[in-house]
Trainee: 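First the structure, which I've put down as structure tokens, then a few questions once you've had a look.
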Amino acid sequence: MLMRTDPFREFDRLAQLVTGGTAPGTWSKPSPMPMDAYRSGDEYVVVFDLPGVSADAIDLDVERNVLTVKAERRPAALAEGVEMQVSERPLGVFSRQLFLGDTLDTEGIEAAYDNGVLTLRIPVAAQAKPRKISIGAKTDGQQQIDA
């Protein structure tokens with residue numbers, strides 16, 4: 001099971017939108033990145049929107065059961081004499097942390113990045129998958145159970 005780390009992060013994002021704040025995220029105080037998460041069979045899929053971020057500017061770490069995704073969107077280099085008229089695209093550092101339950105296999109995480117979308121596939125650990133237990137035949141007054 002996946003758990004979000006900060007339930008108030010969405011309130012911060014909304015407050016920033018209402019007040020017109022567009023301050024870029026920094027490494028010490030990164031901005032949140034939007035994500036979707038769902039279960040598909042024996043794996044969880046987590047999808048992050050990171051348009052305009054190059055693959056080499058994305059950092060993925062797992063420490064204990066905490067998955068951290070950090071990315072940095074840098075400003076586009078403008079040619080000499082070019083004057084910016086409107087700048088609304090958020091720049092800076094973006095980050096998201098997820099607590100991964102003990103039932104997930106953190107060693108088997110796969111990551112793919114395509115068209116500004118980072119997709120993580122996190123398999124369910126083998127010991128957490130449902131399994132059938134067969135019941136053996138009764139012999140010598142004792143019942144044998146095979147797992």
Side-chain angles (χ1 to χ4, degrees), residues 1-136 144-147:
M1 174 180 3
L2 300 171
M3 295 182 285
R4 297 176 80 169
T5 59
D6 186 1
F8 299 104
R9 186 172 268 190
E10 190 65 17
F11 290 121
D12 290 342
R13 186 186 69 79
L14 291 172
Q16 209 173 26
L17 285 174
V18 169
T19 59
T22 58
T26 62
W27 284 103
S28 61
K29 186 170 172 39
S31 299
M33 65 182 76
M35 68 166 236
D36 290 335
Y38 57 90
R39 183 170 180 164
S40 176
D42 285 339
E43 68 182 3
Y44 282 89
V45 180
V46 186
V47 182
F48 298 92
D49 281 345
L50 296 169
V53 175
S54 64
D56 62 341
I58 301 172
D59 220 11
L60 292 173
D61 292 310
V62 176
E63 185 175 336
R64 296 188 189 127
N65 281 5
V66 179
L67 170 70
T68 303
V69 180
K70 276 194 176 183
E72 184 175 10
R73 183 180 301 128
R74 298 174 182 102
L78 300 176
E80 191 174 322
V82 174
E83 183 180 329
M84 180 66 76
Q85 297 298 310
V86 177
S87 179
E88 295 179 349
R89 296 172 52 217
L91 301 173
V93 179
F94 302 87
S95 178
R96 201 67 186 258
Q97 284 189 321
L98 299 173
F99 288 109
L100 305 178
D102 293 332
T103 60
L104 298 179
D105 178 11
T106 58
E107 297 295 322
I109 296 175
E110 295 178 5
Y113 187 65
D114 187 36
N115 292 328
V117 177
L118 175 65
T119 303
L120 303 180
R121 296 187 176 280
I122 308 168
V124 174
Q127 68 269 19
K129 293 179 183 175
R131 58 185 163 77
K132 263 311 203 193
I133 299 174
S134 63
I135 300 174
Q144 178 181 346
I145 299 177
D146 297 325

Trainee: Which distance, rounded to the nearest 0.5 Å, do you find between the CZ of Phe94 and the NZ of Lys70?
Mentor: 13.0 Å
Trainee: Evaluate the side-chain proximity of Leu120 to Leu60: yes if any heavy-atom separation is below 4.5 Å, no if none is.
Mentor: yes
Trainee: If the condition is side-chain contact (heavy atoms from CB on, under 4.5 Å), which residues does Asp36 pass it with, not counting sequence neighbours?
Mentor: none
Trainee: Taking the side chain as every heavy atom from C-beta outward, state whether Glu110 and Pro123 have any atom pair closer than 4.5 Å.
Mentor: no
Trainee: Between Arg73 and Gly52, what is the shortest heavy-atom contact and its length?
Mentor: CG-O, 3.9 Å
Trainee: Nearest 0.5 Å, please: how far is CG in Asp114 from OG1 in Thr119?
Mentor: 8.0 Å
Trainee: Looking at CG of Leu67 and CZ of Arg64, how far apart are the two atoms once the value is rounded to the nearest 0.5 Å?
Mentor: 15.0 Å
Trainee: For Val86, what residues pass the side-chain contact (heavy atoms from CB on, under 4.5 Å) criterion, not counting sequence neighbours?
Mentor: Glu88
Trainee: Between Phe99 and Asn65, is any pair of side-chain heavy atoms under 4.5 Å apart?
Mentor: no
Trainee: Closest heavy-atom contact between Met33 and Phe48?
Mentor: SD-CD2, 3.5 Å
Trainee: For residues Glu63 and Asp61, determine if any side-chain heavy atom of one lies less than 4.5 Å from a side-chain heavy atom of the other.
Mentor: no
Trainee: Looking at Leu50, Asp49, Val46, Val47, which one forms a side chain to side chain contact (heavy atoms under 4.5 Å, CB included) with Leu118?
Mentor: Leu50
Trainee: Where is the tightest heavy-atom contact between Asp42 and Arg39, given as atom of each residue plus distance?
Mentor: OD1-NH2, 4.1 Å
